Structure formats: structure tokens, C-alpha cells
**Q** 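Here it is: the structure, laid out below.
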Amino acid sequence: MSPVPRTSPDRAGHDRRYLPTLIGAVLALMAGFLTFSPAAPAQAAATLLSQGKPATASSSENDGVFGAAKAVDGDAGTRWSSAFSDPQWLQVDLGSTQTITQIQLNWEAAYASAFTIQTSANGTSWTNITPTTAGAAGLQTINVTGSGRYVRMNGTARATAYGYSLFEFQVYGGTSTDPTLPTSDTPDFGANVKIFDPTTPTATIQTAFDNAFNSQLVSPTAQFGTQRYAFLFKPGTYGRVWANLGFYTSVAGLGQNPDDVTINGALNVDSGWNYGDTSNATQNFWRSAENLSVVPEGGTDRWAVSQAAPMRRVHIKGNLTMGPSNQDNGQGYSSGGYLADSKVDGQISSGSQQQWYTRDSTIGSWTGGVWNMVFSGVSGAPANAFPSPPHTTLATTPVTREKPYLYVDSAGKYRVFVPSLKRNSSGASWPNTPGTSIPMSQFYVAKPGDSAARINQALTQGLNLFFTPGTYTLDQTIKVTRANTVVTGIGFPTLIPSGGVTALSVADVDGVKISGLTFDAGTTNSPTLMSVGTAGAHTDHAANPTSIQDVFFRVGSSVQGKATTTLAVHSDDTLVDHIWAWRADHGGAATGWTANTGDTGLLVNGDDVLATGLFVEHYQKYEVIWNGNRGKTIFFQNEKPYDVPNQAAWMNGSQNGYAAYKVADSVTDHEVWGAGSYCYFNANPAVKLDHAFEVPNKTGVKLHSILTVSLGDVGTISNVVNNTGGAVPNPAGNTVPRNVVSYP
């Protein structure tokens with residue numbers, strides 16, 4: 001329907017009064033065709049790239065008659081015509097990245113009085129290759145310099161009351177000088193990935209694990225070293241393997257389901273490496289197990305881990321204990337872990353674990369708990385009873401999408417499986433997890449030494465990213481702009497920005513999946529290490545949100561890193577499923593109040609963001625700032641900075657210190673389940689924090705099962721939330737928590 005009446009329309013739908021101009025335009029176009037080859041300024045690249053290629057537009061007056069394809073069909077008697085409004089655009093997909101040297105536009109009388117020519121590698125992020133330009137009825141030739149797969153005319157002002165109308169939109173140029181990056185369904189994953197099959201001698205497998213683990217025992221700095229390992233098992237059953245997992249070590253099955261791979265023996269994490277202190281597992285970071293089953297020797301597997309040590313999609317065919325061996329006699333320390341999408345046939349003993357989160361799993365039973373044990377969607381979980389025992393239990397998890405995983409198909413080709421989104425989920429997703437399988441030929445397999453430019457080239461080529469174990473120094477931001485892109489890694493690949501850049505940014509698009517990455521801040525301050533979406537944009541992504549899973553951030557460790565905010569989430573509906581943002585309290589490089597600086601671990605500006613398994617520690621201001629509405633967090637673990645030099649250095653206006661978890665005063669709806677914040681002000685035990693949680697007093701803002709602890713009674717937190725909860729140290733005893741069952 002035309003919003004403006006027209007008099008005596010011809011078959012093209014425009015006033016007959018434009019017919020002389022139309023004829024003139026056609027003649028001009030014909031003249032252009034007849035004279036282009038000898039007369040065109042860009043003779044060196046006179047290949048017509050756009051004709052017959054897929055074209056789309058912001059609108060059309062009548063798609064069947066005036067659709068976008070009419071402008072690239074080579075027929076001067078047909079045309080694209082837009083709706084009668086500004087702005088409007090017409091774009092063509094050249095099929096691959098090309099060098100662009102010239103644009104020819106054959107305007108009808110309804111031309112643009114202001115437009116730009118833009119290019120894009122992915123159809124989402126655009127670059128102007130012309131300034132704002134005025135059109136004119138008839139043939140218009142513009143010489144340009146640029147490259148891209150997509151080229152568009154972006155009209156911002158019309159010369160008439162009608163729409164934008166082009167008889168032809170022609171793009172000239174030649175093949176891009178950038179080579180197409182190779183891919184394969186049977187890629188080389190590099191020297192740091194060991195792949196076993198059932199014919200591999202058991203002794204060979206055992207030696208590979210022993211060599212990796214034992215090499216870390218000779219150096220106290222291995223905790224912050226450059227070694228990275230991934231051990232992958234093809235489907236089948238394996239004999240006795242005692243797999244000790246050290247720092248930056250991943251073990252995973254390559255089956256479609258966990259029971260496709262069975263290891264007899266153990267996936268073992270203990271604490272004997274820790275300078276002989278077999279009781280202390282509080283530094284057992286950066287290791288993981290995924291997508292396999294274990295028949296534990298002796299009936300019980302030991303997984304004494306702390307932060308950044310996920311166990312996902314694992315079947316323990318026996319019992320599981322999560323404290324170090326020394327704690328079996330009532331001693332020991334372990335501090336926080338994550339179990340998801342798994343089955344444990346027997347009993348889970350939490351042992352000395354101070355806090356733990358289990359999500360969407362099936363367990364035989366659970367025993368124990370120190371301060372904060374949280375369960376959502378777990379069959380066999382203990383009843384909700386916080387604080388005695390300290391169990392917080394939800395029947396389901398509001399929204400989940402399990403982490404993508406690598407597997408090998410029956411033809412011996414590698415694929416990445418991306419599980420589907422679920423709502424109100426419970427129990428393990430397998431066997432037969434619903435989702436989508438992507439061949440490895442649609443991934444660029446990144447290896448240490450790859451530049452940021454090469455990785456970005458892979459993204460502009462339309463590929464997903466698969467990072468292999470190692471460290472990657474980035475002198476520019478890796479930019480993910482295509483919806484549904486998968487960026488994943490194995491063996492704790494570590495991205496290190498240089499020159500203060502943001503290491504990774506994700507556009508405000510649907511369905512990006514980021515998983516299995518570690519970010520290490522560089523010595524020049526980065527404003528963020530990772531950002532998701534566009535600040536101020538509130539696009540609904542509920543049907544297909546971006547997800548962030550097993551992603552870990554460090555500010556200071558191997559170097560004196562600096563980052564103002566480690567993770568900024570601007571996109572609505574984002575799923576944050578297990579992150580650890582850590583301003584280091586120790587490291588291979590010296591740490592301290594002015595050495596490794598960082599204000600905030602997580603900033604949430606998006607609405608309807610869900611965090612499941614949120615670990616944030618030691619930042620110097622608010623550690624979590626939640627500005628978006630309708631946010632939810634299930635499990636939060638925090639330690640305040642140890643190294644505050646004095647109270648004057650740590651004032652938030654008139655308040656003593658900064659809360660660990662700050663919900664903005666403008667928020668009307670927010671909910672938290674199972675959250676603990678702990679202090680250990682060992683640099684100056686006189687330091688005080690007024691409260692660990694700071695939230696607006698509104699009926700829609702609710703906190704359940706929250707607590708504070710003064711570790712060793714070193715330092716003071718005066719209240720749990722706002723002015724409620726009482727102080728720690730607690731007169732009831734050393735390291736005794738203050739608990740608030742619900743607030744308000």
C-alpha cells in the first residue's frame with residue numbers, strides 16, 4: 001500500500017510525469033554499459049561482482065515487483081523501490097571477501113539526497129567507504145577503496161516524498177588479497193593435545209598424565225606457568241588410568257554421550273603438590289573434566305578443587321568426595337567448585353568444601369557442608385535447610401544451555417555439539433542431548449602464535465573459533481559480530497591483551513556461545529577484558545541468548561596485570577554460567593594494592609541476565625555491579641581484597657569499603673539465592689567493611705540464604721546486607737558466619 005496517493009500510475013507504480021526522466025535514466029544506463037569498459041576510471045579491477053548475487057533491503061514498495069533482487073539482475077527495466085521513509089538500505093552479498101574499487105548506482109527520479117556506501121565482512125558490522133554523498137537521477141559512478149563480502153547503499157535522506165529507487169546497484173572490484181583460511185573436519189589440534197583411543201597402551205596414557213603432572217611439581221611457579229594440556233579419549237573403555245590433574249589440564253571424552261567413554265581408575269585432584277601441605281586444596285585452580293564416565297578405583301573418586309575447576313557432563317559410577325585426602329580425618333581446606341549436567345551414582349561428600357554449586361544433575365545422595373552449598377535442578381539434592389545445614393535448594397534452574405563440547409563421529413570426523421536452550425530444567429541433559437552438531441570445517445582451529453588479526457580474519461570469513469591449549473597475545477580486540485557464533489576452547493587457552501585493548505567483544509546479537517577461555521590482564525590497563533553487547537541497547541534475546549560458560553578472568557598472576565572491569569554484560573538475557581573473576585592475591589609476579597589493579601569483576605547492564613555459579617574475588621571497588629532489571633543469581637562466592645592498606649585507602653564516600661554485590665538503586669526486580677562474602681584483611685586487620693551486599697529496599701528485590709565470614713577473624717564486615725545481619729567476627733566463635741535466611 002502506498003501512503004501517498006499517486007495520479008495515473010503506470011505499471012511501475014510511479015507518476016507518468018516521471019516518464020521522461022525514467023527514459024533518460026535508462027538511456028544513461030545504456031550509455032554507461034556501452035562506454036564503461038574504455039571509460040571507467042577503475043580499469044585495473046573492472047570485474048562486475050554484484051550481478052545476480054543475493055540482495056536484501058530494509059524494505060520494498062512491493063517485494064514481488066520492486067524487491068531488492070531487481071537492483072542486481074542486470075536489467076535496466078526493473079528496479080528496487082523502498083518504503084517512503086528514512087533511513088533505508090540495499091545490500092548485496094558477494095559471496096566472499098572482495099576488494100571493492102568502484103560503485104555504479106543507476107537512480108530513478110526518486111534518488112537519495114544523502115547516502116553512504118558501506119562494506120562488511122559479516123553483514124552485521126559496517127564500515128563507511130565513502131563520505132555522505134548526494135545522489136542524482138541517472139547514472140552515478142563512485143570510485144572507492146575498500147573490501148568486504150557485503151556492500152550496501154545506506155540512504156539517510158530522500159530527494160523526494162517517495163522511497164529510494166535504483167534500477168541497478170553495481171559493485172566492481174577483484175578478489176581480495178586475504179587468503180581464505182583453511183579448515184578441516186580432522187584438524188591438527190597441536191602438540192598440547194593428546195588424543196587416545198582404546199588401542200592406545202594403558203602405559204602410554206599413564207605416562208602422558210604423569211609427565212604433565214610431575215613437571216609441575218618441580219617449580220612453585222607452575223601455578224602461573226605457560227603449560228597447557230588437553231587429554232582427549234575417543235569412545236571406548238580404558239584400563240586402569242590414574243589421571244592426576246594439575247594446573248591448566250583438561251580431560252574430556254570424545255563421545256556423543258558421557259557413557260561412550262569409560263575410564264577405570266580415577267580423575268584425581270588432591271593437594272600434595274602444595275609444598276607438602278596435603279590438607280590445603282584452596283589453590284587447586286584451572287583444571288576440568290568433561291563428557292566421560294569413571295569407574296573409580298576403590299569406589300570413590302576424589303575431586304578436591306577450588307575455583308575455575310568445573311566438572312561437567314561426567315558420570316561417576318561410584319562415590320565422589322570433594323575434599324583433600326587429609327580431610328578424611330576431619331582436617332583440610334577446599335574452597336568452591338562447580339558440578340553440572342552430571343550423574344553420580346553414589347554419595348557426594350562435600351568434605352571441607354566451604355562453598356559449592358551443583359546444577360542440573362542426578363546424584364545418589366549428598367552429605368556435608370560448611371557455609372554455602374547450593375543446588376538447582378538436582379535430583380537427589382538435600383532439602384532446602386539453610387543455614388543448618390547450609391543447603392539452599394531450588395527444584396529447577398530458570399534457563400540453561402549446556403556448554404558446547406567436542407566429539408568425533410562414526411566417520412572419524414570431529415564436530416562440536418551445541419546443546420539447545422532449556423527452561424525450568426532439572427537433571428542431566430544426556431543421553432541424547434537435544435541440540436545442533438557443527439562440523440569442525442566450520443571452525444578455525446586457533447593455535448598459540450596466531451595473531452589477533454588472523455583470528456579476526458577467521459571470524460570475518462564466517463567461521464567459528466576453537467582455541468587449542470596455550471597463550472595468545474592480542475594487540476587488537478577479537479570481535480564477534482555474527483549471531484550464533486561459537487567461540488570455545490580446550491586446555492585453558494589464555495588470551496592476554498597488550499596495549500590496553502579489550503581482549504574479546506561480542507556484538508549485541510543473538511545466540512553467541514563463549515566457553516572454555518581464560519583471560520589474563522596485560523600490564524597496560526584494559527578498560528574491560530571482555531564485553532558483551534552494546535551499552536544502552538536493550539534488544540530482546542530471550543529466545544536465543546548469548547551464553548558465557550567456564551570463562552575465567554585474572555588480574556595479576558603471571559604478570560602485574562591491570563583491568564578496570566573484567567567482564568561487562570550489556571546484552572539482555574545473557575546467561576553467565578560459571579565464571580571466576582579473580583584479582584590475584586598471589587602470583588608468579590608480585591601482587592599488591594598498587595601493583596595489580598582492578599575495580600570490578602562483573603558489570604551487568606543488560607536486563608533479564610541470569611548468573612548460575614558466580615565467583616568474583618578481591619577487586620578494589622564494587623566487585624559485582626548489577627544495573628539491569630530482573631536479574632537473577634544462583635550461587636555467589638566472594639572474598640574481599642586481602643591487601644587493603646588502611647581504611648582511608650578504601651572509602652566509598654562516607655562508607656567503609658565497597659560491597660561485594662551491589663544492586664543499583666534504580667533496579668526494581670532482582671533475586672539472589674545462596675551468596676557468601678568473606679573478608680581476610682591481613683594487610684591491616686583494622687580495616688572494616690560496612691556491608692557485603694548493598695541493594696535497594698524494594699519489594700521486587702529479594703535475597704535468599706546469604707552470609708558473611710571473617711576468615712580467621714581477621715578484619716570486620718559490620719553487616720551482611722545493608723544494615724541487617726550483624727557483624728563478623730562473630731562472638732559465637734572463630735570464623736563463624738553471620739547468616740540471613742531472607743531479605744527483606
Side-chain angles (χ1 to χ4, degrees), residues 223-224 245-247 269-275 277-288 302-311 320-328 330-339 348-358 366 368-375 389-392 550 552-554 557 578-587 591 601 613-619 623 635-643 660-661 674-682 692 705-715 717 728 734-737:
Q223 186 178 161
F224 304 99
L245 271 65
F247 293 105
V269 180
D270 210 335
S271 53
W273 70 271
N274 194 0
Y275 320 111
D277 185 355
T278 58
S279 68
N280 188 354
T282 59
Q283 295 180 33
N284 283 359
F285 312 141
W286 306 307
R287 59 205 76 195
S288 67
R302 186 175 304 282
W303 189 255
V305 299
S306 290
Q307 291 83 358
M311 179 179 278
L320 181 66
T321 185
M322 300 186 302
S325 55
N326 186 272
Q327 72 86 37
D328 292 340
Q331 304 297 318
Y333 307 93
S334 46
S335 181
Y338 175 93
L339 175 70
I348 297 180
S349 171
S350 63
S352 59
Q353 282 291 341
Q354 296 163 353
Q355 58 274 318
W356 188 277
Y357 177 48
T358 307
W366 179 282
V370 177
W371 298 326
N372 186 29
M373 308 286 114
V374 180
F375 310 83
H391 299 156
T392 302
D550 295 350
F552 311 123
F553 303 90
R554 304 189 308 201
S557 56
H578 189 222
I579 70 165
W580 184 36
W582 183 56
R583 177 181 166 263
D585 61 285
H586 67 284
T591 58
L614 180 58
F615 299 76
V616 183
E617 296 190 301
H618 307 313
Y619 287 82
E623 308 205 45
F635 183 89
F636 171 67
Q637 185 265 328
N638 166 263
E639 285 186 359
K640 300 306 298 172
Y642 292 171
D643 54 349
Y661 194 105
S677 178
Y678 322 128
C679 74
Y680 182 66
F681 298 132
N682 66 333
S705 305
I706 58 174
L707 69 143
T708 58
V709 175
S710 180
L711 302 172
D713 289 355
V714 179
I717 303 176
V728 290
N734 182 27
T735 317
V736 173

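Computed over heavy atoms, backbone and side chain alike; hydrogens, waters and symmetry mates excluded. Just so you know, residue 1 is the first one in the sequence shown, and it goes up from there. Only a predicted model underlies this, so the values are computations on that prediction, with no experimental measurement involved.
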**Q** Say you draw a straight line from CD of Q307 to OG of S335; how long is it, rounded to the nearest 0.5 Å?
**A** 4.5 Å
**Q** With N638 as reference, evaluate E617, H618, E623, Q355 under the side chain to side chain donor-acceptor pair (under 3.5 Å) test and give the passing residue.
**A** E623
**Q** Could you tell me the separation between the CZ atom of F636 and the CG atom of N372, rounded to the nearest 0.5 Å?
**A**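 Reported value, rounded in 0.5 Å steps: 10.5 Å.
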**Q** Which atom pair, heavy atoms only, marks the closest approach of A309 to S306?
**A** CB-O, 3.7 Å
**Q** I need the minimum non-hydrogen distance between P737 and L707, along with the two atoms involved.
**A**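 For P737 versus L707, the nearest heavy atoms are CB-CD1, 3.9 Å.
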**Q** Does a side-chain heavy-atom distance below 4.5 Å link H578 with F552?
**A**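 Side chain of H578 against side chain of F552, heavy atoms only: contact under 4.5 Å found.
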**Q** Please check: side-chain N/O of S705 versus main-chain N/O of G674, any donor-acceptor pairing under 3.5 Å?
**A**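 Looks like no, no N/O pair under 3.5 Å.
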**Q** Nearest 0.5 angstrom please: L339 CG to T358 OG1, how far?
**A** 5.0 Å
**Q** For side chain to side chain contact (heavy atoms under 4.5 Å, CB included), just list the numbers for W356 and V370, CA-CA rounded to whole Å, side-chain angles, deciding distance to a tenth of an Å, and then say yes or no.
**A** CA-CA 9 Å; W356 188 277; V370 177; over 6 Å; no
**Q** Under a 3.5 Å distance rule, please check whether D270 uses its side chain to pair with a backbone N or O of P324 as donor and acceptor.
**A**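 A pair under 3.5 Å: no.
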**Q** Is a side-chain donor or acceptor of S350 paired with a backbone partner of M322 at a separation under 3.5 angstrom?
**A**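 No, the answer is negative, given that no donor and acceptor are paired below the 3.5 Å cut-off.
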**Q** Do you know which of W582, F247, F224 makes ring-ring contact (aromatic ring centres under 6.0 Å, His included) with F285?
**A** W582
**Q** Test side chain to side chain contact (heavy atoms under 4.5 Å, CB included) on V728 and V709; report intermediate values, then the result.
**A** CA-CA 6 Å; V728 290; V709 175; 5.7 Å; no
**Q** When rounded to the nearest 0.5 angstrom, what is the spacing between CD1 in I579 and CZ in F553?
**A** 5.5 Å
**Q** State, without any angle test, whether W286 and Q223 hold a side-chain donor-acceptor pair at a distance under 3.5 Å.
**A** no
**Q** Among all residues two or more places apart in sequence or in another chain, which pass the side chain to side chain donor-acceptor pair (under 3.5 Å) test with Q353?
**A**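 Applying side chain to side chain donor-acceptor pair (under 3.5 Å) to Q353 gives S334.
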**Q** Which class fits the ring pair Y338 and Y357: parallel under 30°, tilted 30 to 60°, perpendicular over 60°?
**A** tilted
**Q** Backbone N or O of T708 within a donor-acceptor pair of the S677 side chain at under 3.5 Å?
**A** no
**Q** Please name all residues satisfying salt bridge (charged side-chain N to carboxylate O under 4.0 Å, His left out) with D643, sequence neighbours left out, ordered by chain then number.
**A**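 By the salt bridge (charged side-chain N to carboxylate O under 4.0 Å, His left out) rule, D643 matches R583.
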**Q** Tell me, with the steps shown, if K640 and F681 meet side chain to side chain contact (heavy atoms under 4.5 Å, CB included).
**A** CA-CA 8 Å; K640 300 306 298 172; F681 298 132; 3.9 Å; yes
**Q** Let me confirm one number: the CD1-CE distance from I348 to M373, rounded to the nearest 0.5 Å.
**A**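 One finds 11.5 Å between CD1 of I348 and CE of M373.
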**Q** Which atoms form the tightest heavy-atom contact between R287 and L245, and what is the distance?
**A** NH1-O, 2.7 Å
**Q** Which atoms form the tightest heavy-atom contact between W580 and A308, and what is the distance?
**A**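 Where W580 meets A308 most closely, the heavy atoms are CE3-CB, 3.5 Å.
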**Q** Donor-acceptor pair, distance only, cut-off 3.5 Å: does the side chain of S710 make one with the backbone of G715?
**A** yes
**Q** Does the side chain to side chain contact (heavy atoms under 4.5 Å, CB included) test come out yes or no for M311 and V305, once each step is laid out?
**A** CA-CA 10 Å; M311 179 179 278; V305 299; over 6 Å; no
**Q** Mind checking whether W371 and Y678 have parallel, tilted or perpendicular rings, split at 30° and 60°?
**A** tilted
**Q** Working to the nearest 0.5 angstrom, can you tell me the gap between D713 CG and C679 SG?
**A**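 Output value for this atom pair is 8.5 Å.
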